[in-house]
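Before any comments, here is the structure.
Reckoned from all heavy atoms, side chains included, excluding hydrogens, waters and symmetry mates.
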Amino acid sequence: MEDRRARDIMTKDPTTIDENLSVKEAAEILLAKKIGGAPVVNAAGEMVGIISEGDLIMADVKLEFPSYIHLLDGLIYLGGLKKFEDNLKKAIGAKVKDVMTESVISAEADDSVMDVATKMVKEDVARLPVLDGGRLAGIITKADIMKDIVRGE
């Protein structure tokens, strides 16, 4: 595992989801491919986010309005108004671009498998897109890391 690189264990040419697809279409693709998430790409094929089952489920989550108090003819929200706004956007979003995670944690093709595994644990993510020269080259999942450990290479 120490000598191996992300490029050695990644799935090349991963399934991608177009940012303009509906949430329903994205869910159908993930189910058909039996995967839990995929990189999101724009019309130029550039990765602009990542979509996961959690993001899609979030689109159906019941929202709780933030608590607030009146003070000097204004409202002070108790709790994260920004978080509420983000959740509202995800809940009503009809397109993948409305519910995807935009800040993507990724790996580089030349990263060691050990570094990739460490990043996945530290960031608590189940999959990492792999970039090579700034372009999407593959994806690594926790299952790929486990397969590499079992192989003992």
Nearest atoms (heavy-atom pairs only) where Arg127 meets Ser52 | NH1-CB, 3.9 Å
Going from CE on Met100 to CE on Met47, what distance comes out if it is rounded to the nearest 0.5 angstrom?
-> 10.5 Å
To the nearest 0.5 Å, how far apart are OG in Ser112 and CZ in Arg5?
-> 5.5 Å
Connected via hydrophobic side-chain network under 4.5 Å: Leu128 and Met146 | yes
Roughly how far, to the nearest 0.5 Å, is CD1 of Ile50 from OG1 of Thr16?
-> 11.5 Å
Below 4.5 Å, heavy atoms only, C-beta onward: do Pro14 and Leu136 meet side chain to side chain?
-> yes
Tell me, do Val113 and Asp8 make a side-chain contact under 4.5 Å, heavy atoms counted?
-> no
Are Asp144 and Thr141 close enough that a side-chain donor and a side-chain acceptor fall under 3.5 Å?
-> yes
Would Ile35 end up clustered with Val96 when hydrophobic side chains under 4.5 Å apart are linked, directly or stepwise?
-> yes
Do the charged groups of Asp148 and Arg151 touch, with an N to O distance under 4.0 Å?
-> yes
Under 3.5 Å: donor-acceptor pair, side chain of Ser22, backbone of Glu25 = yes
Between Lys142 and Val125, what is the shortest heavy-atom contact and its length?
-> CE-O, 3.1 Å
To the nearest 0.5 Å, tell me how far Met10 CE sits from Asp111 CG.
-> 11.5 Å
So Leu21 and Ile29, side-chain contact (heavy atoms from CB on, under 4.5 Å) or not? Walk me through it.
-> CA-CA 10 Å; Leu21 286 181; Ile29 291 169; 3.6 Å; yes
Is Val116 close to Val130 at the side-chain level, that is, under 4.5 Å between some pair of heavy atoms?
-> no
Cluster question for you: counting only ILVMFWY and a side-chain heavy-atom cut-off of under 4.5 Å, with indirect links fine, are Val48 and Val23 together?
-> yes
Within the side chain of Lys97, is there an N or O that forms a donor-acceptor pair under 3.5 Å with the backbone of Gly49?
-> no
In terms of hydrophobic clusters joined by side-chain contacts under 4.5 Å, are Ile139 and Leu31 together?
-> no
If you group Ile, Leu, Val, Met, Phe, Trp and Tyr by side-chain heavy-atom gaps below 4.5 Å, do Leu131 and Val40 land in one group?
-> no
